[in-house]
Number of protein chains: 2
Amino acid sequence: MTEGPRPRPTLRDIATALGLSVNTVSRALGDKDSVSAATRAAVQAEAARIGYVPNTLARSLVLGSAMTLGLVITNPSNPFYAQLISSIELRVRAQGYSLLLLVTDESVENEQRATEALLRSAVDGAVVVPVQAEWDHWRRVRDSGIPLVFVNRDVPELGCDMVGVDYERGSYEATSHLIAGGARRLLLLEEDLPITTTADRITGFRRAMADAGLKVSDDQVRAVPTKRYDSLALPWQPEEAYRFAQTLLTDGHPDGVVTGNDYFALGLLRALAERDLAVPRDVAITGYGDHPYAAYLQTPLTTVRLPAAEVGTTAVDLLLQRLKAGAERPRKTLIRPELVIRASAPDRQAITTDR
Amino acid sequence: MTEGPRPRPTLRDIATALGLSVNTVSRALGDKDSVSAATRAAVQAEAARIGYVPNTLARSLVLGSAMTLGLVITNPSNPFYAQLISSIELRVRAQGYSLLLLVTDESVENEQRATEALLRSAVDGAVVVPVQAEWDHWRRVRDSGIPLVFVNRDVPELGCDMVGVDYERGSYEATSHLIAGGARRLLLLEEDLPITTTADRITGFRRAMADAGLKVSDDQVRAVPTKRYDSLALPWQPEEAYRFAQTLLTDGHPDGVVTGNDYFALGLLRALAERDLAVPRDVAITGYGDHPYAAYLQTPLTTVRLPAAEVGTTAVDLLLQRLKAGAERPRKTLIRPELVIRASAPDRQAITTDR
DNA sequence: TTGAAAGCGCTAACAG
DNA sequence: CTGTTAGCGCTTTCAA
């Protein structure tokens, strides 16, 4: 009894089976009134019997909405973005929309292609983590009437909604915490991407230093050379920070290091261990991100926890609001991250030797 | 000069502007022959001028294909799945398809809703990491003519294509490696999900033990109690393994532990450290997954590296082949993982005291 | 080479 | 309450 997959049932199949018009069937299924209870019951029964599933394509075409949102993201392997994807998908689905996923890998070309796809697919809106190097293609999307919500990184030129993390504040708090713990010769180890998140963290670092009356020379803010655009790879490798830290520690060492992500902290920890520098006794360090392993390192990592789920949920809500409300002036929201204090940079009193 | 977003241009806009029929414009843009070079040039120029973007919805409706594939996945925060998402998205996009993402969080109900969405959206096919508890809803999808490729976990009852990892082999190798290193009192710390990946690893463990002439009592295979269905959360928490390991170590201790994922290894490491058990001297351990931090722990983790990208790419290729070729008999592929040997379970000769 | 007509499956108007 | 008509934007016949 192997039959090939028959063509999927349509409204007409139900209609002819029941001797009704396609239209009536449509209304019966659509839960509109103006259909007799009996008809509705019959239609629904038949629909269930033959396994009718509405064709979203046709529906979207006439309704002018695909009930689909786009998510354009740089790198799912970044734990922050992974959580973002989850929270966004959950919220989008809960609101009855579908989610189209586009991955850009920090590449402008990929992002441009992504905008083409968004336009062709006629998504109702999109949540976007922009590469930030160029944004003309985003203007085009916005101008075609597709609302955009930028996440994590903003493109202020476009006047779209934005939901992000207050990276500056997180960095400020981490830096201040190290200073409060007694560190004076501080270092900031940052990503070398031309993005605002990195810039914001640098600002926070400098501000904390200034507030503590500490000068910041240029070589206290260092960018770890990273391989970019390496698709399928991790966003940043501990390895890169490790190698870089090795070179940093050849003459002297800082007594506090703020890193731009937990991976860097991981590499740094190894470099420090190899030079017999104890954490936090000789060098206190903070990470950024609170990745799952951070709490479970031999020296648990003091780090900045990012509110990924809240960011994602807020972004979707903002987008859906805009879909309904239309043009208002753009809303920008920064959600505050949380400094999680652990052994790699404990509270002032708690500093002890760990050997 | 603020104009509201005008309705997107259609073929007709081009047609009327040029005094042509919609049909001709369609062919001109479609690179069919049977259009004069002059006409084609004019059409393309006008299309570019007004920023015409074809409406995929309309196109799909008539063509009967949405050029969209579905990806149904359990948890993006699992690094293995994050990489899978990246590799799949890349491949799918390269082939000119769009990707619809559905997240199930290991919940059958979510998965059932996901299948509804796949049917409604009329995807051309789907890559699926099944929850594996039930599969009637998948049968329905398959029967409606949507080819499925199961990834990582199979549902043999459906006779679909499948691409996975040879978990049994990975577990076998990890276990054998511990035994070769001198461990005799081994333990397997596994996830408590009712999925084949876990079962396969258990099989691999038992087989390795048997091959070494070691008996396995029931309490040597332990399932770490995990919170399931906790959306937005990590797949498994080191915390859970930590607590569980604490209870395990109250009387005596194993001299080798194979864990079902790197998170568990992390929790275990802490529990061992608290009881002053040295790794690998007192207890050698292996992880599973080779998460980014694994190599950078104080005691770098011997673990099983999973070929995520290869799995993802293969899955998409299989799906697209089937889309073209139609029904053949299902192909099942297991890709071999790689044991990465590090300090937590070094090679036989290398075992030394690490203090 | 181009145009006219038909239809993909569905929904919104309007009649009946 | 139900049916008819029209049309979403596009592509594929088939004529001209």
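Just so you know, these numbers come straight off a predicted model, no measurement behind them. Chain naming here is simple, since letters A, B, ... match the order of the sequence lines and numbering starts at 1 in each.
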Could you check how far [atom1] of [X] sits from [atom2] of [N], rounded to whole Å?
| X | N | atom1 | atom2 | value |
| --- | --- | --- | --- | --- |
| A/Met67 | C/dC10 | CE | P | 17 Å |
| A/Leu11 | C/dC8 | CG | P | 12 Å |
| B/Leu63 | D/dT11 | CG | C1' | 7 Å |
| A/Arg12 | C/dA6 | CZ | C1' | 12 Å |
| B/Leu18 | C/dT2 | CG | P | 11 Å |
| A/Leu61 | D/dA6 | CG | C1' | 14 Å |
| A/Asn55 | C/dT11 | CG | C1' | 13 Å |
| A/Leu29 | C/dC10 | CG | C1' | 11 Å |

Does OP1 or OP2 of [N] have a side-chain N or O of [X] closer than 4.0 Å?
| X | N | value |
| --- | --- | --- |
| B/Arg27 | C/dT1 | no |
| B/Ser21 | C/dG3 | yes |
| A/Thr24 | D/dG3 | yes |
| A/Tyr52 | C/dG9 | no |
| A/Ser26 | C/dT11 | yes |
| A/Thr39 | D/dT2 | yes |

No-hydrogen, no-angle side-chain donor-acceptor test under 3.5 Å, A/Glu157 and A/Trp138: no
Answer yes if the side chains of A/Arg59 and A/Asn55 hold a donor-acceptor pair under 3.5 Å, and no otherwise. no
Between B/Ala37 and B/Ala58, who's closer to the 5' end of DNA chain C by nearest nucleotide? B/Ala37
For B/Val62 and A/Val22, take the nucleotide of DNA chain C holding the closest heavy atom to each; which residue's nucleotide lies nearer the 5' end? B/Val62
Looking only at N and O atoms, is any donor in the side chain of A/Asn23 or the base of D/dT4 less than 3.5 Å from an acceptor on the other one? yes
Between B/Arg153 and B/Glu106, does at least one N-O distance fall below 4.0 Å, as a salt bridge requires? yes
Between B/Arg140 and B/Glu116, is there a side-chain N and carboxylate O pair less than 4.0 Å apart? yes
Applying a 4.0 Å non-hydrogen cut-off, can you work out what B/Ser36 is touching in the nucleic acid: base, sugar-phosphate, or nothing? sugar-phosphate
Which part of the nucleic acid, if any, lies within contact of B/Leu57, taking any heavy atom under 4.0 Å across all strands shown: a base, the sugar-phosphate backbone alone, or nothing? nothing
Other residues, nucleotides and ligands only: do more than 12 of their heavy atoms fall within 6.0 Å of CZ on A/Arg331? yes
